[in-house]
2 protein chains.
Amino acid sequence: MRNLRMVLEYDGTAYHGWQRQTNGLSIQQVLEEKIAVMTGEAVKVIGSGRTDAGVHALGQVAHFKTASTIPDIRFLNGINSLLPRDIAVKALREVDPSFHARYDAKSKVYLYQVVNGSVRPVLLRQYAWFVPGPLDPEKIREAAVYFMGTHDFSSFCSTHSDAPDHIRTITDIRIEAGSHGLIKIEMEADGFLRHMVRGIVGTLIEVGRGKRFVSDMQAIIHEKDRRHGGMTAPPHGLFLKEVIY
Amino acid sequence: MRNLRMVLEYDGTAYHGWQRQTNGLSIQQVLEEKIAVMTGEAVKVIGSGRTDAGVHALGQVAHFKTASTIPDIRFLNGINSLLPRDIAVKALREVDPSFHARYDAKSKVYLYQVVNGSVRPVLLRQYAWFVPGPLDPEKIREAAVYFMGTHDFSSFCSTHSDAPDHIRTITDIRIEAGSHGLIKIEMEADGFLRHMVRGIVGTLIEVGRGKRFVSDMQAIIHEKDRRHGGMTAPPHGLFLKEVIY
């Protein structure tokens with residue numbers, strides 16, 4: 001069996017997330033079905049991790065085992081011609097049989113887009129969270145510093161997280177305030193808990209809006225209780241940007 | 001009667017262009033219908049110019065006359081709550097009764113987005129033209145210089161143009177090659193003929209792909225014949241960015 005590694009871009013708008021489910025179409029299911037068309041095999045595609053319903057990916061990584069001998073470049077072009085327009089395989093290559101997209105991931109980078117302004121965005125309506133009213137990017141930047149490093153992130157992740165512990169290490173957070181009210185929040189960590197980026201972003205935005213204070217961040221983190229963190233930002237502003245191995 | 005000036009953002013994907021037509025829904029029609037809901041009047045909305053089916057706008061400008069006394073900010077919020085998610089009024093204010101969105105326009109800025117690479121883009125699939133294979137942005141930049149200034153643009157505009165003459169002045173063309181194969185072509189002119197930006201972009205891309213030469217540009221312009229210009233780039237990469245008064 002060959003082990004094939006894919007880098008994926010997808011628009012999560014129309015899907016019930018990465019993970020195969022009974023109640024709606026997932027990215028994983030679409031990929032498995034199209035690979036089955038090419039190889040005639042019932043393959044299992046394993047991603048670096050789940051993305052929630054409505055969340056996008058610029059660089060999700062996944063692998064699958066196949067007996068197919070189709071050359072990589074032909075496999076890439078073939079699968080892209082079968083996939084719908086909102087999913088694409090950016091790269092595909094054979095890797096060592098031991099490579100595992102989930103277990104081998106060293107860190108992940110997520111991007112969250114916010115649009116601040118008085119009028120809802122049109123062209124970014126499915127790719128950014130619209131936050132109307134005053135919003136101070138400088139305050140967001142100051143608050144973000146508190147999330148850097150190793151913490152128990154229970155105040156920000158879903159209470160339905162099934163991870164054995166909630167301790168993760170954020171190695172980078174960048175806030176970039178661009179033109180037309182677009183604010184990009186990018187963070188890298190050794191791993192992310194369910195809804196963790198969205199919980200942190202929701203909290204940061206509450207600081208930017210003056211509803212919470214920079215000086216509260218440390219206490220909120222220390223509480224390790226989801227009821228103390230800010231709101232969960234909506235999924236459509238979130239992108240899995242990169243998985244690092 | 002008051003004269004109201006609007007700045008509009010829209011996603012042209014679902015519309016048959018700006019101009020009201022019998023065979024499909026236009027941006028103009030949607031705006032007129034929603035304004036009618038607010039004012040009870042059968043208003044006529046006059047844009048700075050048409051945009052083709054599938055073309056987007058970041059800053060289309062339009063005006064209309066109304067007897068309504070609804071304050072500007074309430075009108076803005078009201079109309080945006082009535083409009084579909086792919087159209088928004090970014091700004092609205094009362095202007096001098098003599099202001100005319102089309103006749104008073106001094107220049108317009110259009111943006112065209114191209115994605116070059118080996119795999120079709122997903123997140124920009126409705127906002128950029130995918131050009132696979134080798135493409136040299138430097139050649140595009142060199143060729144673009146020839147379009148600067150005052151020329152007869154008959155080699156690039158639609159043969160169905162109903163303009164009395166095809167002489168226009170391009171005051172600026174910028175080519176920006178960014179990450180992930182995204183190339184932005186921006187141009188400003190005192191006016192644009194039907195399909196003119198798309199004809200110029202199609203020609204520039206043929207130069208970038210090595211199918212035409214930079215040294216051919218002058219002759220193509222001088223021919224003043226559509227059969228000599230390059231292909232018409234597809235509408236979905238095009239944005240009316242700004243109208244200058």
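By convention in this document, chain letters (A, B, ...) are assigned in the order of the sequence lines, proteins followed by strands, and residues within each chain are numbered from 1.
- Within a 6.0 Å sphere centred on NZ of B:Lys241, other residues, nucleotides and ligands contribute 12 heavy atoms or fewer.
- Looking only at heavy-atom pairs under 4.5 Å with chain B, the residue among A:Leu123, A:Asp11, A:Val119, A:Leu83 that has the most is A:Leu123.
- Here the closest heavy-atom approach between residue B:Lys90 and residue A:Pro121 is recorded as NZ-CA, 4.4 Å.
- For B:Lys139, the NZ atom counts as loosely surrounded, since its 6.0 Å shell holds 12 or fewer non-hydrogen atoms of other residues, nucleotides or ligands.
- Within the 4.5 angstrom heavy-atom criterion, only side-chain atoms of A:Leu76, from C-beta onward, approach chain B.
- The number of heavy atoms from other shown groups lying within 6.0 Å of CZ (B:Arg2) is above 12.
- Atom-to-atom distance recorded for B:Gln126:CD and A:Arg85:CZ is 5.5 Å, nearest 0.5 angstrom.
- Heavy-atom minimum distance, A:Ile87 versus B:Arg120: O-NH2, 2.9 Å.
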